Amino acid sequence: MADNQQVVYLGFPGERPDDVYKLLRLPKDVAIADHGVPPTLVRAVTLMLNKAVPLPARDYQLRGTDFQHRVWAALRAIPRGQTRTYTDIARAIEQPTAVRAVAHAVATNPLPLVVPCHRVVPAAGGVGQYRGGSKLKAFLLSREGVNPVKYN
DNA sequence: TCCCCCCGATTAT
DNA sequence: ATAATCGGGGGGA
């Protein structure tokens, strides 16, 4: 069981265990261990964060509802360095009026950067909000070469 | 620009 | 079963 562990969640600085339980819908009787993560996984994640090396599919698992999976799949189709609006994503999953629900699904993405939720921006301009802070979202976008994002 | 109301999925009560 | 929430959007004042 130790040789095939998968990443299920990537948090942001300052996040609390409560947040993790909510986002993953974990039963309260499930314990979270902060140790014992295989070094190979740590290395793979580090490579992704620092060098934009994609995390191998076998190294992570997305947990969520059908709707969330559809939204997240649409996010993963966004090429590095590009952005889409929440409306774009809604259209992509063929539920053009579910913009608000899309935003909610994007907001609950358990694997930021693996699933590039930072590439979804408001149609009105700006970077929009981000679990890790708008500032971080702006940084991630600029790191990908996305042009000077306006206000926010 | 600001305000207000709508939107759909999910969670809370 | 109903209310509240949420990383948005569009129209009107």
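None of these values were measured; they are calculated from a predicted model.
At whole-Å resolution of the value, CZ in A/Arg91 and P in C/dG8 are 18 Å apart. Following rounding to the nearest Å, A/Gln68 (CD) and B/dA9 (C1') show an atom-to-atom distance of 9 Å. Rounded to whole angstrom, the span from the CZ atom of A/Arg119 across to the C1' atom of C/dG7 amounts to 17 Å. Per the geometry, CZ belonging to A/Phe67 stands 12 Å off P belonging to B/dT11, to the nearest Å. As rounded to whole Å, 14 Å separates atom P of B/dT10 from atom CZ of A/Arg100. Following rounding to the nearest Å, A/Glu15 (CD) and C/dG7 (C1') show an atom-to-atom distance of 13 Å. The separation between A/Trp72 atom CH2 and B/dT10 atom C1' is 12 Å, rounded to whole Å. Here the P atom of nucleotide C/dG10 and the CG atom of A/Asp88 are 11 Å apart, to the nearest Å.
At a threshold of 4.0 angstrom between heavy atoms, the contacts of A/Val99 are confined to the sugar-phosphate backbone, with no base atom among them. Among the atoms of the strands shown, none is found under 4.0 Å from any heavy atom of A/Thr108. Within 4.0 Å (heavy atoms only), A/Tyr130 reaches at least one base atom of the nucleic acid.
Proximity of A/Gln95 to the phosphate of B/dA9: a side-chain N or O atom is located under 4.0 Å from OP1 or OP2. Between A/Thr97 and B/dC7, a side-chain N or O to OP1/OP2 separation shorter than 4.0 Å is absent.
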Donor-acceptor list for residues 54-62 of chain A side chains, cut-off 3.5 Å, not counting sequence neighbours:
{"unit_1": "A/Tyr60", "atom_1": "OH", "unit_2": "A/Arg76", "atom_2": "NH2", "d": "2.5"}

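Side-chain atoms of A/Arg131 come within 3.5 Å of backbone atoms of A/Asn109 as a donor-acceptor pair (strictly under, hydrogens ignored).
With a cut-off of 3.5 Å on both Watson-Crick or G-U wobble distances, the partner of C/dG12 is given as B/dC2. Shown here, C/dA1 forms a base pair with B/dT13; the pair counts as Watson-Crick or G-U wobble because both key distances fall under 3.5 Å.
Among the nucleotides C/dG9, B/dG8, C/dG7, the one closest to any side-chain atom of A/Arg131 is C/dG7.
Taking both residues in full, the closest heavy atoms of A/Gln129 and A/Ser134 are given as CA-OG, 3.7 Å, listed atom of the first, atom of the second, then distance.
Applying the side chain to side chain contact (heavy atoms under 4.5 Å, CB included) rule to A/Arg80 yields the partners A/Ala52, A/Arg119, A/Glu144; only residues at least two apart in sequence or on another chain are considered.
Within 3.5 Å, no donor on the side chain of A/Tyr86 pairs with an acceptor on the base of C/dG9, nor the reverse.
Residue order along DNA chain C, read from the 5' end via each residue's closest nucleotide, puts A/His104 first among A/Val121 and A/His104.
Atom CH2 of residue A/Trp72 and atom CG of residue A/Leu111 lie 8.0 Å apart, to the nearest 0.5 angstrom.
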